[in-house]
Amino acid sequence: MTREQAKARIEKLSEELEQHNYKYYVLAEPSISDYEFDILLKELEALEKEYPELRQVDSPALRVGGQITKEFQTVKHRYPMLSLSNTYSEEELDEFDERVKKLLGDEPYEYVCELKYDGVAIGMHYKDGLFVQAVTRGDGVQGDDITTNAKTIRSVPLRLKKKGWPADFEIRGEVFMPRSEFDRINKEKEDAGEALLANPRNSTAGTLKMQDSAVVATRRLDCFLYFVLGENLPFKTHYESLEAARSWGFKVPSYTELVSGIAGVKKFIEKWDAKRRTLDFETDGVVIKVNSYAQQQTLGFTAKSPRWAIAFKYKTERVVTKLLSITYQVGRTGAITPVANLQPVLLAGTTVKRASLHNADIIEKLNVREGDTVYVEKGGEIIPKIIGVDMSKRDLLCQPHKYITQCPECGTELVRDEDEALHYCPNVDGCPPQIVGRIIHFTSRRAMNIESLGGETVDQFFRAGLIKNIADLYDLEKEQLLPLERMAEKSASNIIEGIAQSKKVPFERVLFALGIRHIGETTAKKLALGMKNIDAIMSASKEQLLEVPEIGEIIADSLIEFFGDKRHRDLVNRLREAGLQFELSEEQLASQSDKLGGRSFVVSGVFSRSRDEIKALIEKNGGKNTGSVSGKTAYLVAGDNMGPEKRTKAEKLGIPIISEDDLLKLIESGV
Ligand code: IVH
């Protein structure tokens with residue numbers, strides 16, 4: 001392919017991919033399969049790698065992230081980011097309407113009703129149809145530049161469609177995490193034995209401030225737009241501006257209505273009160289805006305908020321019920337979760353019987369006791385929450401709650417590390433729910449994917465004494481299963497066949513399936529690519545593990561602890577004998593280049609890209625990263641502000657000191 005052809009192909013692919021993105025993420029009308037999309041994206045990435053200078057500023061490949069933001073720059077807002085005055089009552093809405101009417105001198109006016117999206121406010125700057133910058137609200141005067149992370153949000157257009165957009169404008173909206181995405185991530189965290197995200201709003205804020213945009217890209221954030229700002233905008237009304245923004249490719253929600261009169265507003269509020277719970281995102285109210293720009297100008301602003309808009313907030317539904325008992329659940333990692341068993345009560349359309357109490361500190365803080373009358377709310381979290389106790393109803397004889405000291409399942413004394421909120425049962429190999437939980441995790445879809453073997457069956461096998469650990473699965477024979485209750489010939493064959501099939505599951509998923517604490521799907525992948533096989537991981541020192549890009553202290557410690565236990569090493573050996581994959585496949589190995597031929601590199605200082613990226617590049621091309629300069633070091637890759645000791649040592653040993661550019665050339669030339 002000539003350079004000209006590559007250029008044309010890159011342009012065509014970029015346009016096509018963005019169009020598919022738009023259809024999928026903005027219109028929710030996918031036009032090709034994920035698989036076909038990935039093939040096109042891979043082709044684009046390969047071409048951009050070959051011709052980096054041809055990469056377009058709005059390349060859809062940016063959506064997968066990869067750039068690291070060390071520190072978010074503070075940026076002053078061109079227009080201050082004001083908030084809205086809030087109200088919870090219809091009377092105050094009437095008062096707002098009266099004020100508007102009075103200030104407009106009885107001329108007719110309309111309201112636009114929108115939902116109030118509960119996420120993180122963002123301002124995005126577009127110049128000549130291209131996305132240039134995204135800034136958080138901050139204190140309203142200045143916020144953080146989160147451009148790199150915002151580019152990973154698939155529904156944020158990198159290049160605008162059609163024509164008619166102002167050459168220079170800002171658009172504001174709300175970044176949020178869809179409920180389904182929140183649930184997906186928490187499921188993944190649960191699988192990795194990690195602390196769960198608290199609620200979609202906080203998770204959005206946390207995600208937007210992550211340093212690694214590649215991680216941001218894996219969390220599928222979304223963005224609704226609701227406000228266009230700029231000089232001499234070509235509109236007369238807010239509603240027009242929203243419709244125009246939609247035609248330029250922005251995700252402007254369709255839950256927006258033009259109404260005349262406060263009665264129309266109230267109808268909108270009432271309609272969405274129940275309906276909002278069926279949406280895949282959190283809404284905590286309705287925003288009401290005067291439609292005409294001229295009238296908005298007449299109404300003006302107070303110091304804090306516009307006089308032409310108001311937010312009506314739905315009251316969080318709260319009910320009173322009785323706390324019957326506090327019981328405890330033991331998870332796969334041994335974590336103990338206290339659960340409140342409630343007198344069943346109707347809340348936000350569902351009957352609530354249980355609420356999570358999270359940990360001992362929360363119980364103490366709430367000062368909640370069995371038999372208490374408690375207030376229960378359903379907020380952003382899917383699981384309802386106890387938010388307080390009605391002390392006036394407390395029985396005089398009721399005793400403070402004593403948190404358990406022994407495992408409710410196996411009786412072992414519980415432990416609690418100093419900075420940990422949770423109690424754990426340390427009886428890893430003898431506590432039934434932990435054993436069964438680990439086996440269920442092992443067989444789950446994203447791990448070994450043994451579909452024919454569900455959770456209940458695993459439990460049944462365990463209780464029948466057929467399996468005590470994951471390796472026992474591979475010794476099972478059909479004849480052993482047949483005598484079990486509800487076990488037909490066909491299902492037994494399917495189970496044995498499913499287990500046999502799982503031997504083909506690639507290394508990174510086997511690594512995830514082992515259920516090592518803090519090793520989720522993404523980490524397992526990074527680890528597999530970086531270390532290539534299980535023996536390297538099992539025998540690695542902490543320093544060696546830390547050299548793998550994106551593996552930090554917590555993960556390294558967890559791996560050392562896990563494989564420091566002989567029982568775990570034995571388990572791996574049994575699984576290996578059974579035929580499971582414990583190294584990268586030939587294909588995976590081949591896709592990594594060997595241009596650096598196993599030579600050792602020391603990377604030190606500050607570079608144009610992050611150090612982790614440089615290290616990943618070295619590893620991907622067959623080099624090794626080490627922490628300190630020694631006789632075995634092939635090159636010292638030096639950035640700005642590198643420590644003087646490394647330089648002196650390298651000079652003394654005659655080791656070449658090269659720059660970031662030199663490294664790239666070395667990789668290109670492969671010498
Ligand atoms: S308009 C000057 N519209 O609520 C008016 N805000 O308390 C600017 N929000 O900071 C805001 N949904 O984060 C507007 N449909 C909507 C909204 C909305 C959510 C948030 C936004 C803002 C806060 C105001």
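Values reported hereafter were calculated over all heavy atoms of this structure, with side chains retained and with hydrogens, waters and symmetry mates removed. Whatever order the structure lists them in is the order used to number ligands and atoms, beginning at 1.
With a 6.0 Å cutoff to the six-membered ring centre and a 45° limit on the axis angle, Lys161 counts as a cation-pi contact of Tyr22.
Ranking the protein heavy atoms by distance from atom 23 (C) of ligand 1 puts Lys116 NZ, 4.0 Å first. Residue, atom and distance of the protein heavy atom nearest to atom 3 (N) of ligand 1 are Lys289 NZ, 3.0 Å. Among protein heavy atoms, the minimum distance from atom 8 (C) of ligand 1 is reached at Phe227 CD2, 3.9 Å.
Few gaps surround CD on Glu92; more than 12 heavy atoms of other groups in view lie less than 6.0 Å from it. Around atom NZ of Lys525, no more than 12 heavy atoms belonging to other residues, nucleotides or ligands sit under 6.0 Å away. Residue-environment remark: OH (Tyr24) stays at or below the threshold of 12 foreign heavy atoms within 6.0 Å.
Of the N or O atoms in Tyr117, one or more lie within a sub-3.5 Å distance of an N or O in ligand 1. Every N/O-N/O distance between Ser83 and ligand 1 stays at or above 3.5 Å. The shortest N/O to N/O separation between Leu84 and ligand 1 falls below 3.5 Å.
At a heavy-atom cutoff of 4.0 Å, ligand 1 is contacted by no atom of Asn86, backbone or side chain. Residue contacts with ligand 1, taken as heavy atom pairs separated by less than 4.0 Å, involve Glu174 solely via side-chain atoms from C-beta onward.
Scanning Tyr226, Tyr79, Phe176 for the heavy atom closest to atom 14 (C) of ligand 1 points to Tyr226.
Using a 4.0 angstrom heavy-atom cutoff, Thr283 does not count as in contact with ligand 1. Judged by the shortest distance from any of its heavy atoms, Met81 lies outside the 4.0 Å radius around the atoms of ligand 1.
Across Tyr226, Tyr117, Phe268, Phe281, a single residue satisfies ring-ring contact (aromatic ring centres under 6.0 Å, His included) together with Tyr255, and that is Phe281. Tested against Tyr25 for a side chain to side chain contact (heavy atoms under 4.5 Å, CB included), the candidates Pro30, Pro157, Ser155, Cys223 yield a single pass: Ser155.
Note that CG of Leu82 is 7.5 Å distant from CZ of Arg172, once rounded to the nearest 0.5 Å.
Near Glu114, the atoms of ligand 1 lying under 4.0 angstrom from a non-hydrogen atom of the residue are 3 (N), 15 (N), 16 (C). Applying the 4.0 Å criterion to heavy atoms of Pro306 picks out, from ligand 1, the atoms 2 (C).
Phe250 is listed as a side-chain neighbour of Tyr126, based on a closest heavy-atom distance under 4.5 Å.
Aromatic rings of Phe312 and Tyr88 (six-membered ring for Trp) have centroids beyond the 6.0 Å cut-off, not under it.
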